[in-house]
2 protein chains.
Amino acid sequence: MVRRRQSVTIKHVAADAGVSLQTVSRVINSEANVRPEMKARVQASIDKLGYVPSIAAQRMSGSKSYLILALNDRERTIEAWKAREGNDWVDQMLMGGMLMCAEHGYRLIFELVDTHDDNVQRELKAAIAALQPDGVILTPPHADNPLITDLLTAHRIPFARIGAETRDGAIALTMGDDRLAALAVRHLIAKGHERIGFIAGSREYALSGWRKRGWLEAMTAAGLATDGLCERGDFSYDSGEAAARRLLSGKVRPTAIIASNDQMAMATNAVAHELGMRVPGDLSLISFDNTPVVRFVQPPLTAIEQPVADTVAKAVELLIMANRGEPLPPMPVVIEGSLIERDSVAAPRRG
Amino acid sequence: MVRRRQSVTIKHVAADAGVSLQTVSRVINSEANVRPEMKARVQASIDKLGYVPSIAAQRMSGSKSYLILALNDRERTIEAWKAREGNDWVDQMLMGGMLMCAEHGYRLIFELVDTHDDNVQRELKAAIAALQPDGVILTPPHADNPLITDLLTAHRIPFARIGAETRDGAIALTMGDDRLAALAVRHLIAKGHERIGFIAGSREYALSGWRKRGWLEAMTAAGLATDGLCERGDFSYDSGEAAARRLLSGKVRPTAIIASNDQMAMATNAVAHELGMRVPGDLSLISFDNTPVVRFVQPPLTAIEQPVADTVAKAVELLIMANRGEPLPPMPVVIEGSLIERDSVAAPRRG
DNA sequence: TTGAAAGCGCTAACAC
DNA sequence: GTGTTAGCGCTTTCAA
């Protein structure tokens, strides 16, 4: 066991600059009450010695830990990873969050927690005790789990909830799901579609409701009927297949379908082919999420891009602002996605 | 600014169990010289109070930091992420490394560093000073960068090099690239192919050489000619396209091609289609890496799986063993991949 | 086998 | 504006 000591500490800098530890500390944390010349002198020593504060020591003295914890559902995340279906949200979260953290001298730590387990609180407490993070990012379905949010509140650790309902002004972010669903509807209407079906996602996710509501409201606003045009899946391929089958064999066969995620859209595409329908000739298709795979399906799918990386980056930014006591914008913060046109949408066949 | 204190500290446990801090510390670190009954009593208090040691404090007192740093090339990683071509190695690294870390009470921190920049050392020094990681995982091309390895050696921080040449017994891991390339060759030979082309990867990666060597040796061992059957790309789609074009318009038109990664394989597939060749009828194709996208190409590609997650998990394990002073296996440790059969390989057309 | 004391690197609180 | 002091939670001495 090697006993590792910091090679350059605040003491070295203080000695080199001929000032007290405290002054160096003030410079590091860009506090007030340091004369510019002092500050310059200290900074010169810092640069010269290549000094970087130890986050462990900073944390120990009751200050920040410079650690942000990103919490994800264990079961789902591992399942998605093992399935290797080209879903890249872990990638997006990590890159978006990590890059923003790096900009501010923070680090992102990714952690999996069992939402359904009774041990959520124990697991989370352990992570908090070990890491003392300055902020926590919660994704669905954690974001709506009171066991988690209450615990964080009790520990006074700021947290950002992604894709969850806003509550009491706490940090919350969405990607504008309802507006995006409405956007998809209007895009199809503009192409001439009137019977636009919708495949909803699992009720466990708040955003499933938002997406469905966006579809419903846009349809209603356009004076289009919606009866028999909505089926619910659970975001899995299989559930999408079943929903698509119901939709396409129902009385009011839609000429276009919006699916609440890519897997269900891909399933719908397969079902359509199986039924001898051509996409987009006989059926137009728009999916949600825009994970990499939709570009490789035949036809490449027109999709609603979910700006996961930007959203997580913003969450990090808000958490850091909260740490600094800076004023936060009104919640929820919306990082709106957009419609990416590819080849799965066309005008409906006459008749 | 909230001043956060540990809610349950070693003191609380010591008081609850009626022992000294030291004894609790010994139990936590499962050291010798604690009577079983003492140990049980302390453990009971730990469980009762839900005590978890603060890694900051542990690190401060000269012990471990329980942090493993995974270093990746900034430029490449960001580029791959932005391209969104379905390459999932960040995902694989993160999940493989994180899960193994979690098993041992460690955390994985992902960090990007500019390999080519003169600032590599400065960047790395900063990360080391801030985090004091117990180990570092190096991927290509970092794994071969002496600026990095020398610095880590000087700081006496154990590091694991993935996909790099073994040197002086330091921790190194490979995925058996040469054997896998040979496996692909033999798979094609078994189908009846004799003119098997190879598209090599960038020279900057040691594994490019291994893969090519595996192909070369297997061909030679089978008594097959290799002249004019190898072209070099740089792992990009475009370079694969160019290489495929050269290969397929050369004098010895191959009946099968092995590409050193998926992007170049997909490019080859596209070029073949463009030239009016059918895959696998006129050209069989095997790619390296087996990222999710190859399943969605037409035809789905037979590919060499690279067990990135397992390899990174093993790297973490070895680093933790090194930390504990446990004996390490001979290097390099090989986590061998396998051939995943799909639809891009068939017997060559008679002719 | 156990305990007491010192100190890791840093910042908060207070003095000057 | 700047320096001094105390202490964060833990492990490493060293003493009992």
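Side chains included, hydrogens not; waters and symmetry mates left out as well; all remaining heavy atoms used. These figures come from a predicted structure and were not determined experimentally. Just so we're on the same page: letters track the sequence lines, and every chain starts at 1.
In this structure, B/V34 reaches the sugar-phosphate backbone alone: every heavy-atom distance under 4.0 Å involves primed, P, OP1 or OP2 atoms, never a base. At a threshold of 4.0 angstrom between heavy atoms, the contacts of B/Q22 include nucleobase atoms, whether or not backbone atoms are also involved. Counting any heavy atom pair closer than 4.0 Å across all strands shown, A/R26 reaches a base atom.
A salt bridge (charged side-chain N to carboxylate O under 4.0 Å, His left out) with B/R74 is found for exactly one of B/E111, B/E123, B/E79, namely B/E123.
For C/dG3, the OP1/OP2 oxygens have a side-chain nitrogen or oxygen of B/T23 closer than 4.0 Å. The shortest distance between the side-chain N/O atoms of A/Q58 and the OP1/OP2 oxygens of C/dC10 is not below 4.0 Å. Between A/S61 and the phosphate of D/dC8, there is no side-chain N or O to OP1/OP2 separation shorter than 4.0 Å. Taking 4.0 angstrom as the limit, A/S20 places a side-chain polar atom (N or O) nearer than this to OP1 or OP2 of D/dG3. One finds a side-chain N or O of B/S25 lying less than 4.0 angstrom from the OP1 or OP2 phosphate oxygen of D/dT11.
The separation between A/L21 atom CG and D/dG1 atom P is 20 Å, rounded to whole Å. Rounded to an integer number of Å, the gap from CZ of B/R35 to C1' of C/dT2 is 9 Å. The nearest whole Å value for the distance from the CE atom in B/M60 to the P atom in C/dC8 is 8 Å. B/L131 places its CG atom 21 Å from the P atom of C/dC8, with the value rounded to the nearest Å. Regarding B/N33, its CG atom lies at a distance of 13 Å from the P atom of C/dG3, rounded to whole Å. Atom P of nucleotide C/dT11 and atom OH of A/Y51 are separated by 6 Å, given to the nearest angstrom. If you measure from atom OH of B/Y66 to atom P of D/dT11, you get 7 Å, rounded to the nearest angstrom. The CZ-C1' distance, from A/R59 to C/dA12, rounds to 13 Å in whole Å.
Between A/Q6 and A/E31, the residue whose closest nucleotide on DNA chain C is further toward the 5' end is A/Q6.
Counting heavy atoms of neighbouring residues, nucleotides and ligands inside a 6.0 Å radius, atom CD of A/E204 exceeds 12 of them. Within 6.0 Å of the CD atom in A/E75, the count of heavy atoms belonging to other residues, nucleotides or ligands does not exceed 12.
Of the possible donor and acceptor atoms, one in the side chain of B/S61 sits under 3.5 Å from a partner among the backbone N and O of B/A57. For the pair A/S25 (side chain) and A/L21 (backbone), a donor-acceptor distance under 3.5 Å is absent.
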